[in-house]
Amino acid sequence: MKVLAIESSCDDTSISIVNGDKNIEFLETINHRKFHKDHGGVIPEMAARQHLEILDLLGKSIKKINFSNISAIAATFGPGLIGGLIVGTSFAKGLSISKNIKLIPINHLQAHLLSPRLVSNIKFPYLCLLVSGGNTALVLVKSSNEFITLGSTIDDSAGECFDKVAKGLGLGYPGGPEIEKLALKGNNNKIKLPMPLTKKPNCDFSFSGLKTSALDFIRKNKKTKMFLKDFSASFQYTISKLFKIKILNSLAQLKKDKIIINDFSICGGVAANKYLNTELRKFIANQELNFHQVPLSLCTDNAAMIGWNAIEIMKARKIKLNNYNVRPTPNILIHEHF
Ligand code: KG4
């Protein structure tokens, strides 16, 4: 099994070839964040144009591919920004029709959740903390097509909170990596920030209150070098504490429901944060679970995980040749399928 995959849901244009033996034969991802940098976030129309240009460029690498070896073409059909989704899915549909190869529409969030399986021997069912720019959720991954959300954010995502707080600190976009860098030399305990929704024993997150009070605190203080470092360290520390509390609540919920899991992973852009990974690795080991790390290149948006998701689908069921009525769907939910 060999899949050619395309990802274009936000501000990364990516093409990959992945095979059923978990080999990533080709992966090229071009990020267009430099075009969005001055705006402090992704401008959807600009992103769509970038996807178009970059896919045209990456399309040249495709010319060298021997299509007789490709079993399917996969693309992200949602969720994401509609412009980018239209560009990527149209490209995939066109390629699929012209080469007479099956098309597999992929739910981007399910691809993130299955990405640990591309790089480790993680076993179903497992618990996964999905933390990307648009989502924060604790999900029980029961199989390649059964995803049960135990809790998710009721407002902002963790990634958005990182980005907005970084903007308040006067840092660049995306904010996560900038905060991580500054935090290395800061004091975790210097500033006490609120931990919303932690008094209730549920698995939902809320980051909007944390974001507002962080921005309020930043506004009231002089942004000295030391302040930036201490604030970043304290902010990251608060996020890690929030994650730990909600993971504990999820594990309690699973125990109550008599669901046994042995494995845990964290995926999505925020999972690229080394401090959070180290903290969660220790914490998960204390819960006597195996921690499966996704490499940095596969945490942020990439087409390899889209290709792998297609392989998981092909292993589980038969795929029709003509799948061309499926539409890009910007707001498809975690558990929904195309
Ligand atoms: O999954 P992802 O690449 O794409 C979207 O969901 O669009 O996630 C992007 C998010 C951004 O909010 C970014 O600030 C965050 O991931 N991120 C990080 C780090 N690297 C990326 N957050 C914290 N620490 C990082 N090192």
Side-chain angles (χ1 to χ4, degrees), residues 7-14 27 29-33 36-37 39-44 46-48 50-51 76 78-85 88 106-116 128-137 139 152-153 156-169 171-184 186 205 207 210-211 214 232-233 235-240 242-243 265-280 293-306 309 330-332 334:
E7 158 63 33
S8 64
S9 63
C10 189
D11 60 350
D12 292 279
T13 317
S14 182
L27 174 60
T29 305
I30 299 182
N31 183 281
H32 17 119
R33 73 176 60 112
H36 307 288
K37 218 172 175 174
H39 307 278
V42 180
I43 305 294
M46 271 168 64
Q50 283 302 312
H51 285 301
T76 298
L81 301 171
I82 186 65
L85 293 175
I106 299 293
N107 177 328
H108 177 88
L109 299 176
Q110 294 180 2
H112 268 306
L113 290 162
L114 292 170
S115 66
C128 196
L129 174 61
L130 167 67
V131 272
S132 65
N135 287 274
T136 303
V139 181
S152 61
T153 179
D156 296 340
S157 70
E160 193 179 341
C161 190
F162 263 103
D163 292 338
K164 296 275 163 62
V165 168
K167 196 176 174 195
L169 289 170
L171 308 174
Y173 172 83
E178 303 279 327
I179 289 185
E180 183 179 9
K181 245 184 276 158
L182 279 171
L184 286 173
F205 299 89
F207 290 101
L210 171 60
K211 178 188 74 183
S232 297
F235 173 74
Q236 223 178 222
Y237 174 67
T238 308
I239 299 258
S240 87
L242 279 169
F243 285 166
S265 190
I266 167 169
C267 63
V270 180
N273 186 298
K274 290 197 196 77
Y275 167 80
L276 290 176
N277 261 296
T278 311
E279 282 298 302
L280 290 185
Q293 178 136 24
V294 177
L296 297 195
S297 59
L298 300 182
C299 285
T300 47
D301 290 349
N302 68 88
M305 67 177 190
I306 305 300
N309 193 157
N331 50 5
I332 190 164
I334 289 178

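Every number for a ligand or one of its atoms is a count from 1 in the order of the listing. We use all heavy atoms of the structure for the numbers below, so side chains are in, but hydrogens, waters and symmetry mates are not.
- Of all atoms in ligand 1, numbered sequentially from 1 with element shown, those under 4.0 Å from a heavy atom of His112 are 1 (O).
- Ligand 1 places these atoms under 4.0 Å from at least one heavy atom of Ser132: 1 (O), 6 (O), 8 (O).
- Among the atoms of Gly176, some N or O lies under 3.5 angstrom from an N or O of ligand 1.
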Before giving the answer on side chain to side chain contact (heavy atoms under 4.5 Å, CB included), spell out for Val131 and Ser157 the whole-Å C-alpha distance, their side-chain angles and the decisive distance to 0.1 Å.
CA-CA 7 Å; Val131 272; Ser157 70; over 6 Å; no

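- Atoms of ligand 1 found under 4.0 Å from any heavy atom of Glu180 (numbered from 1 in listed order, with element): 25 (C), 26 (N).
- Counting heavy atoms closer than 4.0 Å to ligand 1, residue Cys10 contributes side-chain atoms (C-beta onward) but none from N, CA, C or O.
- Considering only non-hydrogen atoms, atom 4 (O) of ligand 1 lies nearest to Asp301 out of Leu296, Asp301, Ile239.
- Exactly one of His32, Glu7, Gln50 qualifies for a side-chain hydrogen bond (donor to acceptor under 3.5 Å, both in side chains) with Thr13. That residue is His32.
- Ligand 1 has a nitrogen or oxygen under 3.5 angstrom from a nitrogen or oxygen of Asn273.
- One finds the CD1 atom of Ile239 at 9.5 Å from the CG atom of Asn273 (value rounded to the nearest 0.5 Å).
- Although no hydrogens or angles enter the test, the distance criterion places no donor-acceptor pair under 3.5 Å between the side chain of Asp301 and the main chain of Ser8.
- Between Gly133 and ligand 1, an N or O atom pair is found at a separation short of 3.5 Å.
- Within ligand 1, counting atoms from 1 as listed, the ones closer than 4.0 Å to a heavy atom of Gly159 are 12 (O).
- Between Phe205 and Phe207, the angle of the ring planes stays under 30°, which puts this pair in the parallel group of the 30/60° scheme.
- Side-chain atoms of Ser14 never come within 3.5 Å of backbone atoms of Asn302 as a donor-acceptor pair (strictly under, hydrogens ignored).
- Between Cys299 and ligand 1, no N or O atom pair is found at a separation short of 3.5 Å.
- Remark: ligand 1 atoms within the under-4.0 Å shell around heavy atoms of Gly134 are 6 (O).
- Interface atoms of ligand 1 facing Thr300, defined by a heavy-atom separation under 4.0 Å, are 3 (O).
- Counting the atoms of ligand 1 from 1 in the order shown, those under 4.0 Å from a heavy atom of Asp163 are 11 (C), 12 (O), 13 (C), 14 (O).
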Would Thr76 and Leu85 satisfy side chain to side chain contact (heavy atoms under 4.5 Å, CB included), going step by step from the backbone distance to the final call?
CA-CA 7 Å; Thr76 298; Leu85 293 175; 3.9 Å; yes

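- Distances below 4.0 Å separate heavy atoms of Pro174 from the following atoms of ligand 1: 13 (C), 14 (O).
- The distance criterion of under 3.5 Å between nitrogen or oxygen atoms is not met by Glu160 with respect to ligand 1.
- Listed for the Asn309 side chain is no donor-acceptor partner under 3.5 Å among the backbone atoms of Met305.
- Among all protein heavy atoms, the one lying closest to atom 1 (O) of ligand 1 is Gly269 N, 3.0 Å.
- Between Tyr275 and Tyr237, the distance separating the two ring centers is not shorter than 6.0 angstrom.
- At distances below 3.5 Å, at least one donor-acceptor pair connects side-chain atoms of His51 with backbone N or O atoms of Cys10.
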